Amino acid sequence: MLEITRIRENKTEIIELLKLRNMDAAAQIEKIIAVDADWRSNKQKQDSLLAESNALAKEIGQLFKLGKREEAEEAKKRGGEIRDEEKKLDEVVGKLADELQSLLYEIPNVPHSSVPLGNSDEDNVKISEAGEIPTVGADWIPHWELAKKYDLIDFDMGVKVTGAGFPFYMGKGARLQRALINFFLDEARDAGYKEVIPPFLVNEASGYGTGQLPDKEGQMYHDAQGDLYLIPTAEVPLTNMYRNVMLAEADLPLKTTAYTPCFRREAGSYGSDVRGLNRLHQFDKVEIVRVEHPNQSYAVLDQMVAYVQGLLTKLGLPYRTLRLCGGDLGFTSALTFDLEVYSAAQDKWLEVSSISNFETYQANRLKLRFKGADKKKSLAHTLNGSALALPRIMAALLENNQTSTGINIPEVLVPYTGFDKI
RNA sequence: GGAUAGUUGGCAGAGUGGUCGAAUGCACUAGUCUUGAAAACUAGCGUACCGCAAGGUACCGAGAGUUCGAAUCUCUCACUGUCCGCCA
């Protein structure tokens with residue numbers, strides 16, 4: 001959520017930058033400013049009524065003490081009148097506050113000025129490409145066929161037991177999956193991230209804290225009885241650890257990592273890009289999260305991108321780095337880089353990581369602040385990135401490393417898998 | 001699932017209708033004293049919002065109510081602790 005003071009003071013700039021999202025926010029911003037002004041003036045009236053009523057109540061107490069019954073009764077009458085008036089105003093003020101709140105929830109984060117214009121993922125800007133694109137052999141097959149051939153993943157079993165998008169990993173497939181998780185966690189630890197095992201269900205307040213609610217309500221699995229949500233990413237519990245927290249400037253930066261399964265309804269997505277591991281309702285991911293000083297956050301974003309690129313290099317996967325355009329930028333993000341790996345047999349680039357700077361957008365909802373040396377309080381910046389999302393990594397590893405005699409396991413993973421070939 | 005107790009400032013912990021935004025202790029900050037430190041002493045020390053300011057308002061788990069006036073009374077809800085049962 002954007003800070004109301006920022007909107008008051010920089011509305012022209014905000015409207016201008018939101019155009020990068022193909023959004024004409026002028027009317028909405030003006031509405032917010034109007035409602036805010038309305039709220040403030042009514043609030044002021046209410047406050048002075050309350051002040052009057054408080055003073056009167058004290059007076060009545062005194063009058064009773066002095067035994068001036070009649071005067072007290074007279075004052076009581078006036079007090080009642082003031083209270084009636086205040087009640088009416090209270091309703092107005094409450095309504096305006098609610099309206100302001102929901103208007104603010106509807107405004108996405110202001111894009112960083114480097115965000116390119118564009119409508120969809122097709123307009124994302126490639127900033128680099130690395131690694132060697134393998135030459136596809138005549139007999140190469142996509143990962144879902146490899147999975148069947150070598151008994152690595154059983155999609156049909158998933159359908160039987162749960163439903164589409166919930167595969168079973170079997171035998172060496174399961175071990176490879178576990179190896180990847182451990183590899184990613186160890187790398188993150190070496191990079192200074194504190195490992196965490198968070199809950200996989202979160203409450204409503206956490207959903208609001210990181211911005212999944214209210215705008216992505218339908219994307220999360222919801223337990224109605226306990227009013228809990230299955231996490232769509234570890235970002236939610238990890239970042240919400242810092243909800244309502246006042247840090248000291250010296251505490252920054254905070255770096256955490258977690259492996260969790262992620263649950264996504266993916267309502268409305270279908271087609272050829274959901275085959276095999278390409279899009280699942282449950283998948284594994286290692287996430288890195290950082291809480292940073294505002295003047296560090298963009299340098300840190302670059303570091304995070306470089307870190308994840310390093311992981312892909314170690315795995316020997318060809319990848320490219322994209323700067324997301326305004327049309328593809330997440331609701332809460334100011335700037336996002338996506339990393340895509342090339343999956344040879346499908347001849348497709350698959351998104352395996354999304355690394356974002358949310359600036360103060362999440363911190364404002366979270367009330368995540370730090371106190372500077374001068375005792376001034378500021379909102380912190382939050383960032384996160386996938387490091388990495390497993391299924392598509394698995395898909396690319398299987399497809400790119402297939403040979404006529406089996407699938408080769410990257411060297412860095414062998415200590416984790418205990419085998420070098422499938 | 002059953003029973004019971006609780007939820008007050010960073011922490012501990014008073015406070016059962018008016019001068020309580022809230023005692024006291026600890027912690028913290030500044031100062032005095034000291035060669036330095038400790039101790040002692042003195043003073044300060046919650047958060048948010050509105051306002052140029054003076055100042056005002058709100059907050060004692062959340063919400064609603066009674067009252068001229070609520071941390072204090074009433075109702076609803078949430079959460080936490082403890083004991084019993086069940087269970088990985």
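Sequence lines set the chain letters: A, B, ... in the order given, protein chains first and strands last, and positions in each chain run from 1. As the structure is a prediction and not an experimental result, all values here were calculated from the model.
- Taking atom P on both nucleotides, B/rG61 is separated from B/rA70 by 16 Å, rounded to a whole Å.
- Using P as the reference atom, B/rG15 and B/rA23 are 14 Å apart when rounded to the nearest Å.
- Rounded to a whole angstrom, the distance from the C1' atom of B/rA22 to that of B/rC60 is 8 Å.
- Of all nucleotides present, none satisfies the Watson-Crick or G-U wobble test against B/rU66 with each distance under 3.5 Å.
- Closest approach to the A/L50 side chain among B/rU47, B/rG18, B/rA58 is made by B/rA58 (side chain taken as heavy atoms from C-beta onward).
- Summarising the geometry, the separation between CG on A/N203 and C1' on B/rU80 is reported as 15 Å, rounded to the nearest angstrom.
- With both pairing distances under 3.5 Å, B/rC60 is matched to nothing as a Watson-Crick or G-U wobble pair.
- The side chain of A/R8 lies closest to B/rC50, out of B/rU66, B/rC50, B/rG69.
- Look at NZ on A/K371: it is 14 Å from C1' on B/rA48, rounded to the nearest Å.
- Taking the side chain of A/Q44 as heavy atoms from C-beta on, and the options B/rU47, B/rC68, B/rC50, the nearest nucleotide is B/rC50.
- Here A/R83 does not reach the OP1 or OP2 of B/rG65: none of its side-chain N or O atoms lies under 4.0 Å away.
- Distances from the side chain of A/D47 to the nucleotides B/rC68, B/rG56, B/rC49 place B/rG56 closest.
- Taking the six-membered ring where tryptophan is involved, the planes of A/Y361 and A/F331 are perpendicular, since the angle between them exceeds 60° and thus also 30°.
- B/rA78 sits 14 Å from B/rA64 when the C1' atoms are compared, rounded to a whole Å.
- Across all strands shown, B/rA38 remains unpaired; no Watson-Crick or G-U wobble contact has both distances below 3.5 Å.
- Outside the 6.0 Å centre-distance limit, the rings of A/F358 and A/H381 are not counted as a close aromatic pair.
- No engagement by A/A75 is indicated, since no non-hydrogen atom pair under 4.0 Å with the nucleic acid exists.
- Geometrically, A/K172 engages A/F419 in a cation-pi contact defined by less than 6.0 Å to the ring centre and at most 45° from the axis.
- When the P atom is compared between B/rU7 and B/rU57, the two are found 28 Å apart, to the nearest whole Å.
- In terms of position along RNA chain B, the nucleotide closest to A/S48 lies nearer the 5' end than the nucleotide closest to the other residue of the pair A/S48 and A/I60.
- If you take atom C1' in B/rU67 and the same atom in B/rC75, they sit 16 Å apart, rounded to whole Å.
- Taking the centre and axis of the six-membered ring of A/Y416, the NZ or CZ atom of A/R178 falls outside the cone set by 45° and 6.0 Å.
- Taking the six-membered ring for Trp and thresholds of 30 and 60 degrees, A/F263 and A/Y221 have ring planes more than 60 degrees apart, a perpendicular arrangement.
- Picking from B/rU66, B/rC49, B/rU47 the nucleotide with the shortest atom distance to the side chain of A/K87 gives B/rU66.
- A close approach under 4.0 Å does occur between a side-chain nitrogen or oxygen of A/K377 and OP1 or OP2 of B/rU47.
- Taking atom C1' in both B/rC26 and B/rA14, the straight-line distance is 15 Å, to the nearest Å.
- The side chain of A/N54 contributes an N or O atom lying less than 4.0 Å from OP1 or OP2 of B/rA58.
- Shown are A/L20, A/L335, A/N124, A/T336; of these, the side-chain contact (heavy atoms from CB on, under 4.5 Å) with A/L329 is made only by A/T336.
- The side chain of A/W39 lies closest to B/rC50, out of B/rC68, B/rU47, B/rC50.
- For the P atoms, the distance linking B/rA48 with B/rC11 amounts to 16 Å, nearest Å.
- Side-chain nitrogen and oxygen atoms of A/R40 include none within less than 4.0 Å of the OP1 or OP2 phosphate oxygen of B/rU57.
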